[in-house]
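Take a look at the structure set out below.
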There are 2 protein chains.
Amino acid sequence: MELQEGRQKFIQSWGTLGSHWGINRTMAQIHALLLISNEPLSANDIMEQLNISMGNTNMNIRALIDWGLVFKELKPGERKDFFVAEKDMWEVVKRIITQRKKKELEPMLRVLEDISNVEGNDAKTEEFKKVVKDIQLFSGKADSALDNLVKADSNWFIGTFMSMIK
Amino acid sequence: MELQEGRQKFIQSWGTLGSHWGINRTMAQIHALLLISNEPLSANDIMEQLNISMGNTNMNIRALIDWGLVFKELKPGERKDFFVAEKDMWEVVKRIITQRKKKELEPMLRVLEDISNVEGNDAKTEEFKKVVKDIQLFSGKADSALDNLVKADSNWFIGTFMSMIK
DNA sequence: CTTATCTTTCAATAAATTTTGAAAATTTAG
DNA sequence: CTAAATTTTCAAAATTTATTGAAAGATAAG
């Protein structure tokens, strides 16, 4: 396989994978492109290599920076901004977990807290409260587990699971 | 808060949460509705309570069954199919991990394997191979870790993370 | 077999999301 | 300061994804 074909396949697949992880397709493709570029790229480079518009490029780069998956790099003497990808995969995963926890799990926890105060003591209400409490308990644990996971280092995490051999 | 309002909020939030987890909004809402119903519901019940069409109901129920998040239950003497939700949250999470691993991670692993054979030994090719190999290594480990996670029981998992206190 | 009930399919439609590109805003060199 | 380069914004357009509903397909009771 030619390098060019390989690069293209990688960018496509990374885009697809990302789009299932709260990172839209283009955003993930930009990340992929930066991953396989040994030097920082400008917004213009990205735009040309991926055939996307300036506006699209700009918005997705900023989203990536916001997620902590891409960093801005200023080249001395250059006026343009250049960008590099976070290449440590464990770091990438942790950033994604952090963002999604904030945007999804935490709001859900607030709703659960809110609705756990429904009034009434009939059977239907009790059943509802029971289900909510159950989910609340589980979600709270998941939240803490993810906090710890993000603090953990890659080797610990992988090692723990690998050694289970259960 | 009234029970009815609480139920509504729960269904909405679960729908939103689900839509970020590869489960579309309606699919997650159906699961939510079944979670808080103490008795099995028919497709018709679901359709009426969520104000969605028959076709939509049917397709999403089948998707949920496919994911292992909902089960069909036949009531003796009744002609209709009835449905109940998987209520064990750890089980729910495991099913989602299993499905997504199959649909996302595994295809990515195949692509990585495929593109790790690019030809050429110039600097660019070497760099590309290095990045791919790195991701391949990490993804492989993640894959195994998830396999183990799915085999593990809830207490082990939560316990391990909770006790880290790092 | 016939009929009533229930389930499934799928093309058309609607809704949601992403992308574009032109205009506005910002930045920096001179 | 002015002007050129670069970045940002955002309404309109394109694309993707989800939903509808009518028709076809099952299923089982009589």
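Every chain is numbered from 1, with letters handed out A, B, ... down the list of sequences.
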Judged by nearest nucleotide, the residue sitting upstream toward the 5' end of DNA chain C, A:N51 or B:M59, is B:M59
Rounded to whole Å, the CG-C1' distance (A:L74 to C:dT27) equals 12 Å
By nearest-nucleotide position on DNA chain D, the 5'-leaning member of A:E78 and B:N60 is A:E78
Between its two end axes (five pairs each) the helix from C:dC1-D:dG30 to C:dG30-D:dC1 turns, nearest 10 degrees, through 20°
Within residues 24-39 of chain A, those residues having any heavy atom closer than 4.0 Å to DNA chain C are A:N24, A:T26
Here the pair of heavy atoms bringing A:I36 nearest to A:R7 is O-NH1, 3.4 Å
With no hydrogens and no angle check, just 3.5 Å: does a side-chain donor-acceptor pair link A:S42 and A:D45?
yes
A:N58 CG to C:dA22 P, in whole Å, measures 16 Å
Interatomic distance, NZ@A:K94 vs NZ@A:K101, rounded to 0.5 Å, equals 14.0 Å
- Query: Around B:Q8, counting heavy atoms of other residues, nucleotides and ligands shown, do more than 12 lie under 6.0 Å from its CD?
  - Reply: yes
In terms of heavy-atom contacts, A:S13 and B:V111 come closest through OG-CG1, 3.2 Å
From CD1 of B:I52 across to P of C:dT13 the rounded distance in Å is 21 Å
Worksheet entry | Parallel, tilted or perpendicular, as decided by the 30° and 60° cut-offs, for the rings of A:F128 and B:F10 | perpendicular
* Quick one: is B:R62 getting a side-chain N or O under 4.0 Å of the C:dT9 phosphate, OP1 or OP2? -> yes
Report task. Check whether any side-chain N or O of A:R100 sits under 3.5 Å from a backbone N or O of B:H20 as a donor-acceptor pair, and report yes or no. Result -> yes
One should read off an interatomic distance between A:N60 CG and A:I65 CD1, to the nearest 0.5 angstrom, of 11.0 Å
Separation of C:dA11 atom P from B:M54 atom CE, nearest Å, is 18 Å
From the candidates C:dG21, C:dT7, C:dT5, the one with an atom nearest any side-chain atom of B:R79 is C:dT5
Rounded to whole Å, CD1 of B:I46 lies from P of C:dT7 at a distance of 10 Å
In whole angstroms, the gap separating P of C:dT18 from CG of A:L64 amounts to 13 Å
Over 12 non-hydrogen atoms of neighbours within 6.0 angstrom of NZ in A:K87
yes
note: B:I65, atom CD1; C:dT7, atom C1'; distance rounded to Å ~ 12 Å
When A:K80 and A:N56 are each assigned the nearest nucleotide of DNA chain D, the 5'-most assignment goes to A:K80
If only atom types and distance count, is the side chain of B:E91 paired as donor or acceptor with the main-chain N or O of B:G68 below 3.5 Å? no
DNA chain D: first to last nucleotide in contact with chain B (atom under 4.0 angstrom from a heavy atom), 5' to 3', is D:dA18 to D:dA28
Indicate, with a heavy-atom threshold strictly under 4.0 Å, whether B:N44 touches base, sugar-phosphate, or nothing. nothing
Result for side chain to side chain contact (heavy atoms under 4.5 Å, CB included) between B:D81 and one of B:E73, B:K72, B:K75 points to B:K72
Q: Give a yes or no on whether A:E2 atom CD has more than 12 heavy-atom contacts from other residues, nucleotides or ligands under 6.0 Å away.
A: no
Atom CG of B:D45 and atom P of C:dC6 are separated, to the nearest Å, by 11 Å
